[in-house]
Each structure stands twice: as structure tokens, then as C-alpha cells.
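A short worksheet on the structure shown next.
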Amino acid sequence: MQVDITSNDANTTVAPTGDVDLSVSRDLQSALKKVMDDKPERVIVDLSGVPYMDSSGVATLVEAMQISRKQATRLVLCGMQEKVRSIFEIARLDKVFTIVDDPATADSA
């Protein structure tokens, strides 16, 4: 898995590519913690390159959400493929996270 990080004035985008499972979820966790340490206004997690995510990946995003709430950073998930979106819907996490269709929409979420 690869994790690309880009920043502009108010937003930092974290874009993992590949399956997010137990073997690589720590890489995503490290990237998100590094980004959160800078306390950006908004963190956008672009999941368009993630075809599969297991519970360890979901737990990583839940942890990022908890950190973001403590430091008043807006966390937005976008670009979810259908398999990943269904995991969030089954767990009802789509009611907890801010989820939008694409990065352009995430800028204003």
C-alpha cells in the first residue's frame, strides 16, 4: 500500500492506494497521526484507490476521527468504492463520519 499526502492552505489530503488490511493498516495509521500532529483545519481521506478495507482499516479511521474531534480538525472521507462503503453502512459508521463522493466536494464539507 502507498499513502500520498498533499496539503494546501486549509486542507491536508491523505490518499491510500491498495487494500487496507491488517498487514498495512499501521502504515495508514502512521500517516494519519503524522498529518494530525500538524493540526490542520481539515483532513480529507481519499479512499478512491482502496478497493478493500478490513476491520483494522476501519479501526484506524475511527481512531483518526477521535483524534480529529479532540483537536477540532474536520475529518472527511471521500471516494469510497462500493465494497468499502458497504462496510461503513453495515456498521452504521456512515452516520458517524462525514462521507462525500469526491475530493472536490470534501473541500466544502
Side-chain angles (χ1 to χ4, degrees):
M1 180 186 75
Q2 178 179 335
V3 181
D4 294 323
I5 300 171
T6 55
S7 295
N8 63 26
D9 294 336
N11 299 329
T12 300
T13 301
V14 178
T17 303
D19 292 347
V20 179
D21 57 21
L22 185 59
S23 66
V24 297
S25 62
R26 288 194 189 271
D27 296 337
L28 179 58
Q29 181 183 41
S30 295
L32 286 167
K33 281 185 177 183
K34 180 181 175 186
V35 165
M36 293 291 191
D37 284 346
D38 293 336
K39 299 183 180 175
E41 195 174 306
R42 180 181 289 117
V43 173
I44 299 167
V45 182
D46 183 353
L47 296 170
S48 59
V50 178
Y52 171 79
M53 181 179 290
D54 71 4
S55 60
S56 66
V58 173
T60 297
L61 293 175
V62 168
E63 180 183 17
M65 179 188 58
Q66 292 169 336
I67 293 168
S68 72
R69 286 182 175 174
K70 286 179 186 174
Q71 64 188 36
T73 296
R74 182 101 170 127
L75 181 69
V76 181
L77 307 182
C78 70
M80 283 186 176
Q81 294 186 29
E82 193 56 40
K83 275 185 169 180
V84 175
R85 183 178 284 275
S86 68
I87 292 167
F88 278 77
E89 290 172 352
I90 289 168
R92 297 192 185 262
L93 291 172
D94 58 326
K95 309 293 185 212
V96 178
F97 283 93
T98 300
I99 302 173
V100 297
D101 291 332
D102 54 55
T105 311
D107 283 342
S108 59

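All values below were derived from every heavy atom in this structure, side-chain atoms included, with hydrogens, water molecules and symmetry-related copies excluded. If you're wondering where the values come from, they're calculated on a predicted model, not measured in any experiment.
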Nearest heavy-atom contact between Pro51 and Gln81 is CA-OE1, 3.4 Å
Result for side-chain contact (heavy atoms from CB on, under 4.5 Å) between Val14 and one of Leu28, Ile44, Asp46 points to Leu28
Co-membership, hydrophobic cluster, residues Val96 and Ile99, 4.5 Å side-chain: yes
Separation between OG (Ser68) and NZ (Lys39), nearest 0.5 Å, reads 12.5 Å
> Under a 4.5 Å side-chain heavy-atom rule over Ile, Leu, Val, Met, Phe, Trp and Tyr, are Val100 and Met80 clustered together?
Replying inline: no
Could you tell me whether a side-chain N or O of Asn8 sits under 3.5 Å from a main-chain N or O of Ala10, the two making a donor and an acceptor? yes
Ignoring hydrogens and angles, tell me if any N or O in the side chain of Thr73 forms a donor-acceptor pair with the backbone of Pro40 under 3.5 Å. yes
In this structure, CD1 of Ile90 is separated from CD1 of Ile87 (nearest 0.5 Å) by 7.5 Å
Closest heavy-atom pair, Val3 versus Ala31, reported as atoms and distance to 0.1 Å, is CG1-CB, 3.7 Å
Item to check | Any Val24 side-chain heavy atom under 4.5 Å of Asp19 side chain | outcome: no
For Ser25 and Gly57 the tightest heavy-atom approach is CB-N, 4.2 Å
*Return yes if some donor-acceptor pair links the side-chain N/O of Ser48 with the main-chain N/O of Gly79 below 3.5 Å, else return no.*
no
Nearest heavy-atom approach of Lys33 to Ile67 is CG-CD1, 4.5 Å
query = Val76, Val45: one ILVMFWY side-chain cluster at the under-4.5 Å cut-off?
reply = no
Check: Can a donor-acceptor pair be found between the side chains of Asp27 and Ser30 at a distance below 3.5 Å?
Finding: no
- Heavy-atom distance under 4.5 Å between the side chains of Val58 and Met53, does that happen here? yes
Output for pair (Leu93 CG, Leu61 CG), nearest 0.5 Å, gives 9.5 Å
Here the gap from Glu89 atom CD to Lys95 atom NZ, rounded to the nearest 0.5 Å, amounts to 8.0 Å
* Asked: Going by heavy atoms in the side chains, are Met36 and Leu75 under 4.5 Å from each other?
  -> yes
Tested for side-chain hydrogen bond (donor to acceptor under 3.5 Å, both in side chains) against Arg42, the lone hit among Thr12, Asn11, Thr98 is Asn11
Do Ile5 and Val50 land in one hydrophobic cluster if side-chain heavy atoms of ILVMFWY residues count as linked below 4.5 Å?
yes
